**Q** 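The structure's right below; bear with me while I get my questions together.
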Number of protein chains: 2
Amino acid sequence: MTEPHWLTPEQLAAWTRLVAVVELLPGALDTQLQRDADLTHFEYFTLAMLSEADNRSLRMTALASRTNATLPRLSHVVSRLERRGYVRRTPADDDRRAIIAQLTDDGWQKVLATAPGHVDTVRQNVINALDERDTEDLRRIMAKVLDRLDPEGRFGMSTGPM
Amino acid sequence: MTEPHWLTPEQLAAWTRLVAVVELLPGALDTQLQRDADLTHFEYFTLAMLSEADNRSLRMTALASRTNATLPRLSHVVSRLERRGYVRRTPADDDRRAIIAQLTDDGWQKVLATAPGHVDTVRQNVINALDERDTEDLRRIMAKVLDRLDPEGRFGMSTGPM
DNA sequence: TACCTTTGGTTGATGCTACAAGTATTACCG
DNA sequence: CGGTAATACTTGTAGCATCAACCAAAGGTA
């Protein structure tokens, strides 16, 4: 036995399965979105977060928080989305360091066109596998884990639609 | 917005939290392993799977299965690990197409040295946040999701015991 | 035998992410 | 005020993952 059983068998079983999901899920999401919309899941998620925000716009920092991303990563992604015409950057009025990212009409249309297929994939790969109790349990457990991964709550978690 | 298959608030809450975990967990694991052992989590996991196998060796295909990886990805990673002296490649006797990856003594020592700190991180970020019931629920739910992500069980953990 | 398909694995190009600087603006503090 | 620190964001680079293309061996078929 290599990894000395500092975890109980039950803990180990839960952990290995979680690791497998963490490894496989991103690929499943990216494959569908790449094929159907030429978007990575992170790009789609970024557009989706903007689409739900007031005025379909957010400061980069706030957007980074909602997408669980670092600012450098977001900056690159927004650059790509801007180049494709889905997002517009404008300086903020109140703070001249800040930049506001806003969804363009094209970006809004892109979200509308992409969401149904994406939701289908989510259902297919995750949601439909779970009954009501599973869903509640999953929410409870992921909330607890998130509290460890992000104790300060720097990364916000939207409760609105995807 | 026509959404024939949208998600209930409870499903949505579970999903967004799962997505956040999937986004944040790899970084947490990679950061610790990179800092303490100069390994990515996937590299460590690959070494760990080898260390548990008979004779500390596995065919590339079997190793890919246990690490939830594609063969191209694994091939690149094993090349790096081989270059660093942790793994050795040898042709298989029974099938001349096949390659057997075996953990070297250095690789074994690397796993021994790295495991404790890694398990600490796993506990800190996930396991310690969960009580017994959570752990059981997590295992059950991840098994169900894996069954969707990998219906054929090509990757190791889809069903069955550890 | 010859042929076609499948399996096992590697390799190279492309693209995204993480990390480390760097710039510019604002906040803090004596 | 003046100076330092902290915040907001961008950019360049290095490294890993993905995908397509490729080769070689094995299995099937006639």
Side-chain angles (χ1 to χ4, degrees), chain A residues 22-35 38-46 57-84 87-102 152 154-155, chain B residues 22-35 38-46 57-84 87-102 152 154-155:
Chain A
V22 164
E23 200 65 55
L24 295 177
L25 186 51
L29 302 177
D30 280 332
T31 296
Q32 180 264 324
L33 284 167
Q34 200 68 53
R35 170 170 45 84
D38 193 28
L39 290 174
T40 65
H41 176 251
F42 184 76
E43 287 169 342
Y44 170 78
F45 199 73
T46 301
S57 63
L58 284 170
R59 286 177 53 155
M60 292 292 283
T61 316
L63 184 54
S65 167
R66 299 201 193 195
T67 54
N68 308 298
T70 59
L71 215 32
R73 180 185 184 186
L74 180 66
S75 184
H76 281 128
V77 169
V78 167
S79 293
R80 295 196 301 266
L81 294 174
E82 192 178 25
R83 212 171 296 130
R84 293 170 67 179
V87 170
R88 171 174 40 243
R89 271 178 167 115
T90 50
D93 296 345
D94 52 333
D95 187 335
R96 284 148 77 155
R97 296 168 300 179
I99 298 275
I100 299 196
Q102 182 174 30
E152 285 91 16
R154 289 180 23 251
F155 299 108
Chain B
V22 165
E23 199 65 55
L24 295 177
L25 187 52
L29 301 178
D30 280 331
T31 297
Q32 181 263 323
L33 284 168
Q34 201 68 52
R35 170 170 45 84
D38 194 27
L39 290 174
T40 65
H41 176 252
F42 184 75
E43 287 169 342
Y44 169 78
F45 199 72
T46 301
S57 63
L58 285 170
R59 285 177 54 155
M60 292 293 283
T61 315
L63 184 53
S65 168
R66 299 201 192 193
T67 54
N68 309 298
T70 60
L71 217 31
R73 180 185 184 187
L74 180 66
S75 183
H76 280 128
V77 169
V78 167
S79 294
R80 294 196 304 265
L81 294 174
E82 193 178 24
R83 212 170 297 130
R84 293 169 67 179
V87 171
R88 170 174 40 242
R89 272 179 168 114
T90 50
D93 297 343
D94 53 333
D95 188 335
R96 286 175 156 181
R97 297 168 299 179
I99 297 276
I100 300 198
Q102 181 174 31
E152 286 92 17
R154 292 183 12 258
F155 300 109

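Nothing here was measured: the structure is a model prediction, and the numbers come from that model. The chains referred to below are lettered A, B, ... by the order of the sequence lines, with proteins before strands, and numbering in each begins at 1.
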**Q** On DNA chain C, compare the nucleotides closest to Arg59(B) and Glu43(A); which residue's is nearer the 5' end?
**A** Arg59(B)
**Q** If I take atom OG1 from residue Thr46(B) and atom NE2 from residue His41(B), how far apart are they, to the nearest 0.5 angstrom?
**A** 9.0 Å
**Q** Starting at CD1 of Ile99(A) and ending at P of dT26(C), how long is that distance when rounded to a whole Å?
**A** 12 Å
**Q** To the nearest Å, how far apart are Arg73(A) CZ and dG15(D) P?
**A** 20 Å
**Q** Between P on dG8(C) and CG on Asp94(B), what's the gap in Å once rounded to a whole number?
**A** 11 Å
**Q** Looking at Arg96(A), I'd like to know whether one of its side-chain N or O atoms comes within less than 4.0 Å of OP1 or OP2 on dA24(C).
**A** no
**Q** Side-chain contact test, heavy atoms from C-beta onward, threshold under 4.5 Å: evaluate it for Arg59(A) versus Ile99(A) and give yes or no.
**A** no
**Q** Which pair of non-hydrogen atoms, one from Ile100(A) and one from Ser57(A), has the smallest distance, and what is that distance?
**A** CG2-CB, 3.7 Å
**Q** Hey, which of these two, Thr31(A) or Pro72(A), hits DNA chain D nearer its 5' end, going by closest nucleotide?
**A** Pro72(A)
**Q** Specify the residue among Gln34(A) and Gln34(B) whose closest nucleotide of DNA chain D lies further upstream toward the 5′ end.
**A** Gln34(B)
**Q** Regarding dT7(D), can its base be found pairing with the side chain of Arg97(A) as donor and acceptor, where the two atoms are less than 3.5 Å apart?
**A** yes
**Q** CG of Leu74(A) versus P of dC19(C): gap in Å, rounded?
**A** 16 Å
**Q** Evaluate whether atom CZ of Arg89(A) has more than 12 neighbouring non-hydrogen atoms of other residues, nucleotides or ligands under 6.0 angstrom away.
**A** yes
**Q** Rounded to the nearest angstrom, tell me the gap between atom CZ in Arg84(A) and atom P in dG15(C).
**A** 12 Å
**Q** If I take atom NE2 in residue His41(A) and atom C1' in nucleotide dA17(D), what distance separates them, rounded to the nearest angstrom?
**A** 18 Å
**Q** Taking it one step at a time, do Arg84(B) and Leu39(B) satisfy side-chain contact (heavy atoms from CB on, under 4.5 Å)?
**A** CA-CA 11 Å; Arg84(B) 293 169 67 179; Leu39(B) 290 174; 3.8 Å; yes
**Q** Quick check for you: among dG12(D), dT10(D), dA17(D), whose closest atom lies nearest to any side-chain atom of Phe42(B)?
**A** dA17(D)
**Q** For Leu71(A), answer base if it contacts any base atom (sugar-phosphate contacts may also be present), sugar-phosphate if it contacts only those atoms, and nothing otherwise; contact means non-hydrogen atoms under 4.0 Å.
**A** base
**Q** Return no unless some side-chain N or O of Arg80(A) is found under 4.0 Å from OP1 or OP2 of dT17(C).
**A** yes
**Q** Nearest-Å distance, CG (Leu24(A)) to C1' (dA17(D))?
**A** 14 Å
**Q** At 4.0 Å (heavy atoms only), tell me whether Asp95(A) reaches a base, stays on the sugar-phosphate, or touches nothing.
**A** sugar-phosphate
**Q** Rounded to the Å, how far apart are His76(A) NE2 and dA20(C) C1'?
**A** 12 Å
